[in-house]
Amino acid sequence: MRIVGGYLGGRRFDPPAGPHLRPTTDRAREALFNILANHTVWPDTPVLDLFAGGGGVSLECISRGAPRVVAVEKDGKTVRYLRQLALSWAVGNLEVVHSPAERFLAGPAEPFGLVFLDPPYAYPGKAALVEQVRSRGWVAPGGWVVLEHATSESFEGQPGFAQARTYGQSAFAFFQAPVP
């Protein structure tokens, strides 16, 4: 895998393989960040990356200027890899949390400008997960929630739904938090 843009652009990384990992492809990540560029001022946007996996989205956000990224991943081997990578790349604004996403979300909420969700495609209750993030204060007013999911699923009609995009076998659903 490689970082496609920003100050870390072109750097390669190789997260540990495993059945739990389904990395977002470079092409899909590039398309995602092109869309986000129209809605995001990176230096003002803290990011929460739930189901962080190999960290591609987290690292891409940092590379583009996010002031803080919290990457939540339940696999211990992957967490150790991401923590070591952050040290070797001197990335001080990446916080890697070893926890299932559901347990993390049950804790005290803090608002993030962007929340990225990439649960396993077979994960039940993706719509409820998005609603939990939006309603419990995990996304800042006017902030975005992006859900990566299989192309066979649709989230149109869900509260805050703004748009969907498809890239190969993956799709992204974009939800915006209301501005009071």
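FYI, the numbering just counts along the sequence from 1. Please read all numbers here as calculations on a predicted model, not as lab measurements.
Nearest heavy-atom pair, Val47 versus Ala66, reported as atom, atom and distance to 0.1 Å: CG2-CB, 4.0 Å. Of all heavy-atom pairs spanning Gly10 and Arg2, the tightest one is O-CB, 4.5 Å. Heavy-atom minimum distance, Gly54 versus Phe13: O-CE1, 3.6 Å. The shortest non-hydrogen separation linking Pro111 to Pro46 is O-CG, 4.4 Å. Of all heavy-atom pairs spanning Asn34 and Asn38, the tightest one is O-ND2, 3.7 Å.
Between Arg29 atom CZ and Ile3 atom CD1 the span is 6.0 Å, to the nearest 0.5 Å. Put simply, CD on Glu73 and NE2 on His98 are 7.5 Å apart, with the number rounded to the nearest 0.5 Å. Here the OG1-CZ distance, from Thr78 to Arg83, works out to 11.5 Å after rounding to the nearest 0.5 Å. Once rounded to the nearest 0.5 Å, the distance linking CZ of Arg64 with CG of Leu8 reads 10.5 Å.
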Ser58/Leu94 under side chain to side chain contact (heavy atoms under 4.5 Å, CB included): CA gap, chis, key distance, verdict: CA-CA 8 Å; Ser58 292; Leu94 174 62; 4.0 Å; yes

Apply side chain to side chain contact (heavy atoms under 4.5 Å, CB included) to the pair Tyr121 and Glu148, showing each step before the final yes or no. CA-CA 8 Å; Tyr121 281 2; Glu148 184 171 350; 3.7 Å; yes

Please walk me through it: do Phe174 and Leu32 pass side chain to side chain contact (heavy atoms under 4.5 Å, CB included)? CA-CA 10 Å; Phe174 296 80; Leu32 168 66; 3.8 Å; yes

Set out, in order, the CA-CA distance, both residues' side-chain angles and the distance that settles side-chain hydrogen bond (donor to acceptor under 3.5 Å, both in side chains) for Gln163 and Arg165, then state yes or no. CA-CA 7 Å; Gln163 64 177 301; Arg165 299 287 177 92; 3.0 Å; yes

Using side chain to side chain contact (heavy atoms under 4.5 Å, CB included), reason through Trp89 and Ile62 one step at a time and then give a plain yes or no. CA-CA 11 Å; Trp89 285 8; Ile62 286 169; over 6 Å; no

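Residues Leu48, Leu50, Phe51, Val70, Val72, Val97, Phe104, Leu105, Phe112, Val115, Leu117, Tyr123, Leu129, Val130, Val133, Trp138, Val139, Val145, Leu147, Phe161, Phe175 make up the rest of the hydrophobic cluster containing Phe155, defined by ILVMFWY side-chain heavy atoms closer than 4.5 Å, directly or through other members. Taking a 4.5 Å side-chain heavy-atom cut-off between Ile, Leu, Val, Met, Phe, Trp and Tyr, the cluster of Val41 contains only that residue. Val4 shares a hydrophobic cluster with no other residue; no ILVMFWY side chain has heavy atoms under 4.5 Å from its own.
Comment: Arg68 engages Glu110 in a salt bridge, judged by a side-chain N to carboxylate O separation of less than 4.0 angstrom. A salt bridge does not link Glu30 with Arg27: every distance from a Lys NZ or Arg NE/NH1/NH2 to an Asp or Glu carboxylate oxygen is 4.0 Å or more.
Note: His39 and Trp144 have tilted aromatic rings, judged against thresholds of 30 and 60 degrees for the angle between ring planes.
For the pair Thr40 (side chain) and Ala37 (backbone), a donor-acceptor distance under 3.5 Å is absent. Side-chain atoms of Ser63 never come within 3.5 Å of backbone atoms of Leu59 as a donor-acceptor pair (strictly under, hydrogens ignored). With Arg134 contributing its side chain and Pro159 its backbone, the two residues share a donor-acceptor pair below 3.5 Å. When atom types are taken as modelled, the side chain of Asp49 and the backbone of Val69 share no donor-acceptor pair closer than 3.5 angstrom. Judged by distance alone, with hydrogens and angles left aside, the side-chain atoms of Arg136 form a donor-acceptor pair with the main-chain N or O of Gly107 at under 3.5 Å. The backbone N or O of Ser99 lies less than 3.5 Å from no partner atom in the side chain of Arg103, so there is not a single donor-acceptor pair.
Ser170 has its side chain out of reach of Thr151: every pair of non-hydrogen atoms, C-beta onward, lies at least 4.5 Å apart. Using a 4.5 Å heavy-atom threshold, the side chains of Phe33 and Cys61 count as touching.
For Gln169, the side chain to side chain donor-acceptor pair (under 3.5 Å) test picks out no residue, with sequence neighbours left out. Judged as a side chain to side chain donor-acceptor pair (under 3.5 Å), and not counting sequence neighbours, Gln84 has no contacts. Residues that satisfy the side chain to side chain donor-acceptor pair (under 3.5 Å) test with Gln158, not counting sequence neighbours, are absent from this structure.
Put simply, Leu114 and Val91 are part of the same group of oily side chains (I, L, V, M, F, W, Y) that touch within less than 4.5 Å, one to the next.
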